[in-house]
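Below you'll find the structure, written out as structure tokens, and then a few comments.
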Amino acid sequence: MIRFTKFILCLLALNAFSFGTKTYASDLWQANPWKLRALPSSVRLDPVTNEIIEHRFKGVPSNQAGKGNLLDKNWLFDGKKVSLHGARGEYVSFQLVLTNETDAELTGIKLDMTPFKNGNSELNIKPELFLEWSVNVQSTSTGYPKSTLGKGWYPDALIPFKYIQTDSTKVHGRWVYPFTLPDFNNRISGQRSQIIWVDQFIPLDVQKAKPGRYQSTITVTIGGQSRQMPISLTVWDFELPNENAFKASLQHEGFLSRMEEKQELAVYQLFKRNRISLMDPTYDPEIQVKNGKVEIQWDKLDKRLKKYLTGQAFTKEHGYIDGPGYGEPLETFALPFDVYGKHGTAGWPDIGKPEVERNAANQAIYTSSIRQVRQHLLPMVNPKKTLLTVYLNGLDESYFPEAWSRMVFYGNLFKKEYPEARFRVDGGYNKDAMDVIGKSITDWASHTISYNIDTVKHYQQMGIKDWLYGPMLYEQKLNSWVGSSTFIDLPLVNDRAISWSCWKYKTYSWISWGVGAGWERGWYDPESWKDFYKEASEADAEFTYRQFNGNGSVIYKPGMVPNVSEPCPSIRLKTMRDGVQDYEYLRLLARLDGNSKRADALVDQLIKEPFGDKSIGNLDVWSYDQEQWYKVRMELAELILKSKK
């Protein structure tokens, strides 16, 4: 009996201890069930492991991983507050990270951010918040075994917060997007962190954004518990131009012209806001040819395109409020002309295959079409603002003498009949080709793998506007498979470095293929390009297949995720935008200095020799240290401010 009593007493004591322990754990959970931290916009966070994805890069030895946990402290976040700096007319960004410290689901999350204020002065443009949606890379991009950042979850799509429903009791009769952690819709197994992208556009007008330090606060409330993070924004006393003069571009045949017009407007406005131009050479007006006489019907195309060519599409009249390029027309426009060629499609106007296209009657049709297009567009388009481009898709990347002869013929024809337009050829053309076509073309989108600066300088001196075109890293020669630089599983900095590289090489601008390739399935499958083939050249013997993540796609289609009814940008598009903004900093400093020496010196700190023959197999082509990029930008701004005084 005594032993039984002792056993009962011991059991009660053990239960009391266990109960006390549970109570203590519960108290601790209540005290700190979640964390609120911040990251720069230049890195990505794995939402499952909380690992900085950019630190996985093995292509170049780096000490980034040894810099401590960027979640706890980094160059924008000191552990308590975020500090931003920017010029008027610029977007500045950072990422808010909400981390769940328990195994319980966090629901009913509410988030609010106040407008930036400086005393009685307030920025009249509110912060834009986006929920980061992650995609699961299950197979790394083909041909990049060293460069890839590996498999796993990558935050990429940015869903405007107006579609995130934090209080479902206010919504009736439709699907909602609840704000939970783990994300109810994204379905990330083991998700620890929810990431929110914050964009702030600084008004261009100095009266609406006077120089100085502005303050804002982000408040997150979960289960009655609220936490705040202060945000400071220093507005510098200079501005970026309203016009997107750099003309960095994405081209995608048929992507825009086949869209419903409401969606088309949303896409154009999204890219205008992010300082990237779009080109689609398939906007073909209706054409009839009877007895050799050409009649072009413009009514439908004018109704659709005139607002873009005049800039009206980017005004309040069409819902474009407070952003770069307000009231400005398209930076680039690809004219509808084409010829029969490598893709086996008819030209516009259709005058047949190469063997008959130069017949007198056929050439009369083509020439008449050119004259009519020019006559119609001259009153509508300002060629000093909108770069009119002739791009013949039938001659795209054609590396044989017969094609070069056709390039010369059509290049000369357009120089004569449409002198305001540029005639562009795309591809990695060698000296033999350029010696033939060089005097007949005006623009050359040079494939980055063949962009040897000593050679290119010769063509620059001839007056040819050269564009960087194609992938950013050449781990091996076969990486030239694609004309896109938009890979999800390669370092994010690539999409920023391309604009800096243009400055270094005095390149006119850059162009990349693809706007939204696979943008429907992109929400759930990042492999935007798959190509399996049985036969391959010896150079491709190791890879008789191709699969690329995010190739040719930097936006996500509306209607694929419940309640998200407009196209969503990607983090990679925002990175492109940052590079274009940086380019305008460099341009401003060079203008103030009267030369480019100091701007060049800053670029040389980050950019080495990224393209051409010497780049193949060399991944150390620019800095992968994102803090160094931040410091160089800050130094650039300081030089501008001192030069203005």
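Considering Lys557, Gln263, Lys162, Gln269 in turn, Lys162 is the only one that fulfils the side-chain hydrogen bond (donor to acceptor under 3.5 Å, both in side chains) rule with Glu566. Put simply, the residue from Lys272, Arg275, Lys384, Lys385 that forms a salt bridge (charged side-chain N to carboxylate O under 4.0 Å, His left out) with Glu331 is Lys272. When Trp513, Trp510, Tyr505, Tyr508 are each tested for a ring-ring contact (aromatic ring centres under 6.0 Å, His included) with Trp467, only one passes: Tyr508. Among the candidates Trp629, Tyr583, Trp622, the single residue satisfying the ring-ring contact (aromatic ring centres under 6.0 Å, His included) test with Trp500 is Trp629.
Side-chain contact of Thr114 with Thr217: a donor-acceptor pair under 3.5 Å is absent, judged by distance alone. Side chains of Thr49 and Arg192: a donor-acceptor N/O pair is absent below 3.5 angstrom, by distance only. Side-chain atoms of Ser623 and Gln628 include a donor-acceptor pair closer than 3.5 Å. Inspection of the Asp489 and Ser141 side chains reveals an N or O donor paired with an N or O acceptor under 3.5 Å. No side-chain donor from either of Arg496 and Ser42 sits under 3.5 Å from a side-chain acceptor of the other. Using modelled atom types and a 3.5 Å distance limit, the side chains of Tyr214 and Thr234 yield no donor-acceptor pair. No side-chain N or O of Ser553 forms a donor-acceptor pair with one of Ser528 less than 3.5 Å apart. A donor and an acceptor atom, one from each side chain of Gln215 and Ser232, are nowhere located under 3.5 Å apart.
Residues Ser147 and Phe57 form a side-chain contact, since some pair of their non-hydrogen atoms from C-beta on lies under 4.5 Å apart. With contacts defined as side-chain heavy-atom distances shorter than 4.5 Å, the pair Thr386/Lys247 does not qualify. Between Ile196 and Phe94 there is no side-chain heavy-atom pair separated by less than 4.5 Å. Between Asn244 and Val580 there is no side-chain heavy-atom pair separated by less than 4.5 Å. Within the 4.5 Å cutoff, side-chain heavy atoms of Leu123 are placed close to those of Leu233. Within the 4.5 Å cutoff, side-chain heavy atoms of Ile188 are placed close to those of Ser134. Looking only at side-chain heavy atoms (C-beta outward), Ser501 and Leu468 come within less than 4.5 Å of each other. Inter-residue side-chain proximity for Asn185 and Pro178 is flagged as met; some heavy-atom pair is nearer than 4.5 Å.
In this structure, Ser277 contributes its side chain and Ser249 its backbone to no donor-acceptor pair below 3.5 Å. For the pair Asp46 (side chain) and Val48 (backbone), a donor-acceptor distance under 3.5 Å is present. Looking only at distances, no side-chain donor or acceptor of Ser216 sits under 3.5 Å from a matching main-chain atom of Phe116. No side-chain donor-acceptor contact under 3.5 Å links Glu243 to the backbone of Glu328. A distance-only check finds no donor-acceptor pair linking the side chain of Asp78 to the backbone of Asn74 [under 3.5 Å]. Distance alone, capped at 3.5 Å, is enough to place a donor-acceptor pair between the Glu475 side chain and the Lys146 backbone. In terms of modelled atom types and a separation under 3.5 Å, the side chain of Asp156 and the main chain of Ile488 share no donor-acceptor contact. Using modelled atom types, no side-chain atom of Arg56 and backbone atom of Thr148 make a donor-acceptor pair closer than 3.5 Å. The backbone N or O of Asn100 sits nowhere less than 3.5 Å from a side-chain atom of Lys35 that would complete a donor-acceptor pair.
The CG atom of Leu278 sits 7.5 Å away from the OG1 atom of Thr332 when rounded to the nearest 0.5 Å. From Met472, atom CE reaches atom OG1 of Thr486 across 10.0 Å, with rounding to the nearest 0.5 Å. The distance from atom OH of Tyr154 to atom CG of Leu149, rounded to the nearest 0.5 Å, is 4.5 Å. The line from CD of Gln95 to NZ of Lys574 is 12.0 Å long, rounded to the nearest 0.5 Å. Expressed to the nearest 0.5 Å, how far CG of Leu586 lies from CD1 of Ile640 amounts to 8.0 Å. Note that CG of Leu602 and NZ of Lys631 are 14.0 Å apart. Values are rounded to the nearest 0.5 Å.
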| request: Apply side-chain contact (heavy atoms from CB on, under 4.5 Å) to Leu45 and Ile53, showing your working. | output: CA-CA 6 Å; Leu45 184 74; Ile53 294 173; over 6 Å; no

| said: If you apply the rule side-chain contact (heavy atoms from CB on, under 4.5 Å), what do you find for Thr315 with Lys307, and how did you get there? | reply: CA-CA 10 Å; Thr315 64; Lys307 58 183 177 290; over 6 Å; no

| task | Step by step, work out the side-chain contact (heavy atoms from CB on, under 4.5 Å) result for Tyr469 and Thr448. | result | CA-CA 6 Å; Tyr469 164 64; Thr448 43; 5.8 Å; no

| Can Lys117 and Glu122 be said to form a salt bridge (Lys or Arg N to Asp or Glu O under 4.0 Å), step by step? | CA-CA 4 Å; Lys117 291 184 177 181; Glu122 178 179 303; 3.7 Å; yes

| Could you walk me through whether Asp205 and Arg88 pass the salt bridge (Lys or Arg N to Asp or Glu O under 4.0 Å) check? | CA-CA 7 Å; Asp205 187 347; Arg88 294 186 295 274; over 6 Å; no

| Derivation and outcome, salt bridge (Lys or Arg N to Asp or Glu O under 4.0 Å), residues Asp199 and Arg577 | CA-CA 12 Å; Asp199 253 357; Arg577 177 200 68 190; 3.0 Å; yes

| Does the side-chain contact (heavy atoms from CB on, under 4.5 Å) test come out yes or no for Leu129 and Trp197, once each step is laid out? | CA-CA 6 Å; Leu129 305 181; Trp197 183 280; over 6 Å; no

| message | salt bridge (Lys or Arg N to Asp or Glu O under 4.0 Å) for Asp237 and Lys644? Distances and angles first, verdict last. | response | CA-CA 9 Å; Asp237 191 16; Lys644 282 177 60 68; 5.6 Å; no

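In terms of the side chain to side chain donor-acceptor pair (under 3.5 Å) criterion, residue partners of Asp600 (sequence neighbours excluded) are, by chain and number, Trp503, Lys506, Ser596. Under the ring pair (Phe, Tyr, Trp, His ring centres under 6.0 Å) criterion, Phe333 pairs with no residue at all, not counting sequence neighbours. Under the rule for a ring pair (Phe, Tyr, Trp, His ring centres under 6.0 Å), Phe77 has no partner lying at least two apart in sequence or in another chain.
Using cut-offs of 30° and 60° for the angle between ring planes, the Tyr91 and Phe201 rings count as tilted. Using cut-offs of 30° and 60° on the angle between ring planes, the pair Tyr268 and Tyr308 is tilted.
A ring-centre distance under 6.0 Å is found for Phe161 and Phe179. Between Tyr163 and Tyr177, the distance from one ring center to the other does not fall under 6.0 angstrom.
Heavy atoms of other residues, nucleotides or ligands lying less than 6.0 angstrom from NZ of Lys465 number more than 12.
Among all heavy-atom pairs drawn from Val135 and Pro526, the shortest one is CG2-CB, 3.9 Å.
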